[in-house]
Amino acid sequence: MAKILAKKFFNRPVLKVAPDLLGTYLVRKHGRKTERFLITEVEAYDGGGDMACHASKGMTPRTAIMFGQPGFFYVYFIYGMYWMLNLVVDKDGHPAAVLIRGTREVSGPGRLTRQLNITGSFNKKEIHPKTGLWLEKGEKLEDYKMERTPRIGVAYAGPIWSKKPYRFILVQR
DNA sequence: ACGATGATGAAC
DNA sequence: TTCATCATCGTA
């Protein structure tokens, strides 16, 4: 029986949680079918001072979820077409999230939500099997190594924050 | 290189 | 109420 990642896992600083998510499984159940996707690409967004993080705008109707408890989904609509899947992490009151950018099976954050049929209905839902979308511990991946790069598509955040190495990826050796 | 396509937040 | 912008992707 695979281990389900619970609140304790998410209730840590985002720069710890984000790399730990690499190699874990994003699990989606719709109808009778349960599918697992190995996470290979994530980005960390860390607090109100991170100018690339939506929480840098303060608490708004959209960003309020990030200011709450860890272990919930933050899902928002972008470019008139795509849903972005984020996991709220770190302690209650500190707004932080991890963007799931890709898996071994599906590359790209917009494609991922489209293929898994994830929309705004998941926003503010708990990361738990009862939701139909959750995370499970992975296995040892000897043939992959982790790399860090700047985040994608955040030039608006300015020279400092757009260059922070907050993107974590698994690449094959 | 650029258009699709609509929510969001800030300015007015 | 308008307006610029946007944590993207497919086609060219």
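Because only heavy atoms are used, hydrogens play no part in the values below, and waters and symmetry mates are left out as well, while side chains stay in. Fair warning: this is a prediction, and the values are worked out from it, not measured in the lab.
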Counting just side-chain N and O atoms, does A:Y156 come under 4.0 Å of either OP1 or OP2 of C:dA7? yes

Do any of residues 39-57 of chain A sit with a heavy atom less than 4.0 Å from DNA chain B, and if so which? A:K57

At a heavy-atom distance below 4.0 Å, which nucleotide of DNA chain B is the first touched by chain A, and which is the last? B:dA4 to B:dA10

If you round to the nearest 0.5 Å, how far is NZ of A:K137 from OG1 of A:T24? 11.5 Å

Sequence neighbours excluded, the answer for ring pair (Phe, Tyr, Trp, His ring centres under 6.0 Å) partners of A:W134 is none

Does a nitrogen or oxygen in the side chain of A:R167 sit under 4.0 Å from OP1 or OP2 of C:dA7? no

Identify the heavy atoms of A:A44 and A:R151 that sit nearest to each other, and give their distance. O-NH1, 2.9 Å

Distance in angstrom units between A:M81 CE and C:dT5 C1', rounded: 15 Å

Do the rings of A:F77 and A:W83 sit parallel, tilted or perpendicular, given the 30° and 60° boundaries? tilted

Nearest non-hydrogen partners of A:Y156 and A:A52, listed with the distance: OH-O, 3.0 Å

What pattern of brackets, bars and dots sums up DNA chain B from 5' to 3', given Watson-Crick or G-U wobble pairs under 3.5 Å, [ ] for crossing pairs and | for another strand? ||||.||||||.

Do A:L99 and A:Y45 have side-chain heavy atoms sitting under 4.5 Å apart? yes

Candidate list A:L5, A:V17, A:V42, A:L135, test side-chain contact (heavy atoms from CB on, under 4.5 Å), partner A:L87, passing option: A:L135

Would you give the length of the straight line joining atom CG of A:L85 to atom OH of A:Y76, rounded to the nearest 0.5 angstrom? 10.0 Å

Is_stacked (A:Y82, C:dT8) at 5.5 Å, 30 deg: no

To the nearest 0.5 Å, tell me how far A:M66 CE sits from A:K124 NZ. 11.5 Å

What distance separates A:R101 CZ from A:I152 CD1, expressed to the nearest 0.5 Å? 5.0 Å

Donor-acceptor pair between A:R104 and A:T40 side chains, under 3.5 angstrom: no

Point-to-point distance, once rounded to the nearest 0.5 Å, from CG of A:N11 to NZ of A:K91: 8.5 Å

Proximity to DNA chain C (any heavy atom under 4.0 Å), residues of residues 111-125 of chain A only: A:R111

Quick one: closest heavy-atom pair of A:L21 and A:I39, and the distance? O-CB, 3.7 Å

Describe the nucleic acid contact of A:F77 in one word from base, sugar-phosphate, nothing, applying a heavy-atom distance below 4.0 Å. sugar-phosphate

Sugar-phosphate only, base, or nothing, as touched by A:R151 at under 4.0 Å among non-hydrogen atoms: nothing

What contact category does A:G80 fall into here, base, sugar-phosphate, or nothing, at under 4.0 angstrom with non-hydrogen atoms? base

Separation of C:dC6 atom C1' from A:I152 atom CD1, nearest Å, is 15 Å

Partners passing side-chain hydrogen bond (donor to acceptor under 3.5 Å, both in side chains) against A:K7 (at least two apart in sequence or in another chain): A:Q69

C:dA4 C1' sits how many Å from A:Y79 OH, rounded? 13 Å

